[in-house]
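Only one structure is covered here, and it is reproduced in the block below.
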Amino acid sequence: MKITVAGTGYVGLITGVGLASQGHDVTCVDIIKEKVDKINSGITPIHEKDLPELLKKVLERGNFRATLNLKSAVKDSDITFICVGTPSREDGSINLQYVEDVSKGIGEAIKENGKYHIVVVKSTVIPGTTESVVTPILEKYSGKRAGVDFGIAMSPEFLREGKALEDFMHPDRVVIGTSDQKTFETLKDVLAFEQTHVIKTSLKSAEMIKYASNAFLATKISFINEIGNICKKLGIDSYEVAKAVGMDHRISPHFLRSGLGFGGSCLPKDVKALREKAKSIGYEPKLLDSVLEVNQFQREQMVKIAEEKLSNLNGKKIAVLGVAFKAYTDDIREAPAIDIIKMLLEKGANVFAYDSEALENARKIFGDKINYADSPGEALESADICLIVTEWPEFKNLDFSKMKNKIVIDGRNILENRNGIDYVGLCW
Ligand code: UGA
């Protein structure tokens with residue numbers, strides 16, 4: 001199949017390279033020239049395991065390339081995936097500007113495409129968007145009718161950063177929202193590479209499945225954080241509790257790690273967008289509100305414990321270990337570390353941050369307001385307190401001997417040797 005992928009963020013680039021590795025002829029499109037050039041020269045703009053090797057392979061094979069020219073790519077292909085970003089507005093609601101812009105361009109191109117072209121929305125969009133925003137734009141600019149002259153579908157992506165290719169290649173399920181059987185059959189062949197559950201739904205259900213999945217994962221984390229906070233007050237080890245609770249197959253052991261909660265480009269944004277959509281249609285989403293509240297509380301709690309330990313943070317040297325929102329990524333979007341560092345700075349602390357991958361991104365936000373250490377040891381030297389914020393394996397065993405006060409607040413329950421220090425767990 002000849003495939004166009006619009007947008008080269010996480011979902012777009014993984015989809016493009018992943019489909020090319022399956023033998024399809026793929027053209028990825030972006031509006032940023034620097035990104036397109038990088039991709040064409042084999043450099044991945046995102047940090048993802050195994051992606052550089054696979055990108056090089058498909059570039060060499062000649063069935064993958066990136067371009068700025070959406071129109072020529074779509075005109076010449078069978079399927080176009082919309083994988084552009086859907087950022088949050090100030091109030092948390094979804095901003096569809098990129099989806100609208102790209103839909104217009106695709107519409108103009110399929111006007112000149114003689115084949116039955118299929119457009120698939122992969123971007124995370126609020127239920128109703130494919131039907132009431134994307135389809136009308138495509139129809140307007142192509143002069144063609146959806147389901148008659150071209151196919152339309154919504155197929156959400158469930159990949160995790162750090163394990164993106166693995167998740168793309170071996171999905172738990174493939175959801176294809178469409179009312180058009182021809183489109184469904186084609187996409188089933190393209191997206192389900194191996195034996196997996198393939199679910200055909202309406203466009204709206206496919207969109208909602210994505211939000212419900214992420215909202216549930218976020219809820220699970222806030223739930224275990226709330227249990228963890230109660231456990232801590234009762235002197236109970238919340239990890240012991242979570243282990244046994246997770247053995248119930250109805251619950252599962254995943255997403256039961258209590259601590260600093262969720263960050264990243266998806267969980268916080270999607271829960272907020274769903275909450276705002278619910279409010280806009282007259283439903284008060286009490287649970288979603290609480291999920292976000294508990295998540296914020298965890299971040300504040302870490303700073304509160306630090307303040308209680310040192311009585312005053314003004315002028316104190318604080319080692320912040322980990323800035324990325326989780327291990328194995330350089331992504332700091334909505335990372336707990338950002339809020340924590342901001343709170344520490346407000347209290348006059350002298351922050352020394354260390355992260356093996358994410359400091360460059362941290363510098364874009366904090367500039368010279370904080371110090372950037374080259375190693376955990378440099379951050380810890382003469383520090384008054386150490387905050388472990390990201391679960392990087394290198395933080396499992398640290399040398400705290402050069403700290404001024406050997407106080408360590410572990411936000412991820414990762415530290416293995418807790419002897420000889422004043423160890424404080426967040427919810428344990
Ligand atoms: C998440 C979902 O897991 C993916 O299925 C989804 O496709 C993706 O969002 C998306 O919508 O694109 P991701 O943002 O990569 O993936 O991150 P997760 O691995 O889900 O972790 C999210 C956050 O939750 C991290 O900050 C992590 O530290 C935290 N977390 C996770 C916990 O605090 N406790 C846990 O038990 C698990």
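Since the model is a prediction, treat every value here as computed from it, not as a measurement.
Atom NZ of Lys232 is surrounded by more than 12 heavy atoms from other residues, nucleotides or ligands within 6.0 Å. Open room surrounds CD on Glu34; 12 or fewer heavy atoms of other groups in view lie less than 6.0 Å from it. Within a 6.0 Å sphere centred on NZ of Lys279, other residues, nucleotides and ligands contribute more than 12 heavy atoms. By the 6.0 Å contact criterion, OH on Tyr372 is enclosed, its count of non-hydrogen atoms from other residues, nucleotides or ligands being greater than 12. Within a 6.0 Å radius of CD in Gln296, other residues, nucleotides and ligands contribute more than 12 heavy atoms.
Inter-residue side-chain proximity for Lys317 and Lys404 is flagged as unmet; no heavy-atom pair is nearer than 4.5 Å. Residues Lys188 and Ile176 have side chains in contact (heavy-atom distance under 4.5 Å, counting atoms from C-beta outward). Counting only heavy atoms from C-beta outward, the side chains of Phe366 and Ile338 approach each other to under 4.5 Å. The closest side-chain heavy-atom distance from Ile370 to Leu344 is not below 4.5 Å.
Summarising the geometry, atom CG belonging to Leu321 is positioned 5.0 Å from atom CG belonging to Leu380; distances are rounded to the nearest 0.5 Å. The structure places CD1 of Ile407 at 11.5 Å from CD1 of Ile305, a figure rounded to the nearest 0.5 Å. We find the NZ-CD1 distance between Lys277 and Ile126 to be 6.5 Å, quoted to the nearest 0.5 Å. Here CZ of Arg65 is found 9.0 Å from CG of Leu59. Values are rounded to the nearest 0.5 Å. Put simply, CG on Asp355 and CH2 on Trp392 are 5.5 Å apart, with the number rounded to the nearest 0.5 Å. The NZ atom of Lys304 sits 14.5 Å away from atom CE of Met302, with the distance rounded to the nearest 0.5 Å.
Without hydrogens or angle criteria, Asp30 side chain to Gly7 main chain gives no donor-acceptor distance under 3.5 Å. With Ser222 contributing its side chain and Val294 its backbone, the two residues share no donor-acceptor pair below 3.5 Å. In this structure, the side chain of Arg89 engages the main chain of Ile94 through a donor-acceptor pair within 3.5 Å. With Asp384 contributing its side chain and Asn405 its backbone, the two residues share no donor-acceptor pair below 3.5 Å. Formation of a donor-acceptor pair under 3.5 Å by the Asn361 side chain with backbone atoms of Asp330 is found in this model. Between the side chain of Thr135 and the backbone N or O of Thr130 there is at least one donor-acceptor pair closer than 3.5 Å. Side-chain atoms of Lys210 do not come within 3.5 Å of backbone N or O of Lys122 as any donor-acceptor pair. For the pair Thr196 (side chain) and Asp172 (backbone), a donor-acceptor distance under 3.5 Å is present. Side-chain N or O atoms of Asn417 include none that pairs as donor or acceptor with a backbone N or O of Asn397 at under 3.5 Å. Proximity of a side-chain donor or acceptor of Lys71 to a complementary backbone N or O of Gly105 within less than 3.5 Å is not detected.
Listed by chain and residue number, Trp428 satisfy the ring pair (Phe, Tyr, Trp, His ring centres under 6.0 Å) test with Tyr239 (two or more places apart in sequence, or in another chain).
Stacking of Arg412 on the aromatic ring of Phe395 is not recorded, the 6.0 Å distance cut-off and the 45° axial limit not both being met.
If you run side-chain hydrogen bond (donor to acceptor under 3.5 Å, both in side chains) between Lys2 and each of Asp76, Asn63, Thr27, only Asp76 comes through. Screening Arg160, Glu157, Glu48 against Tyr10 for a side-chain hydrogen bond (donor to acceptor under 3.5 Å, both in side chains) leaves a single residue, Glu48. Among the candidates Val291, Asn225, Leu217, the single residue satisfying the side chain to side chain contact (heavy atoms under 4.5 Å, CB included) test with Phe262 is Val291.
Side-chain atoms of Thr124 and Lys269 form no donor-acceptor pair, as typed in the model, at a separation below 3.5 Å. For the 3.5 Å distance criterion, the side chains of Asp91 and Ser93 qualify, holding a donor opposite an acceptor. For the residue pair Ser401 and Asp399, a side-chain donor N or O sits within less than 3.5 Å of a side-chain acceptor on the partner.
Between Phe168 and Phe193, the ring centre distance stays below 6.0 Å.
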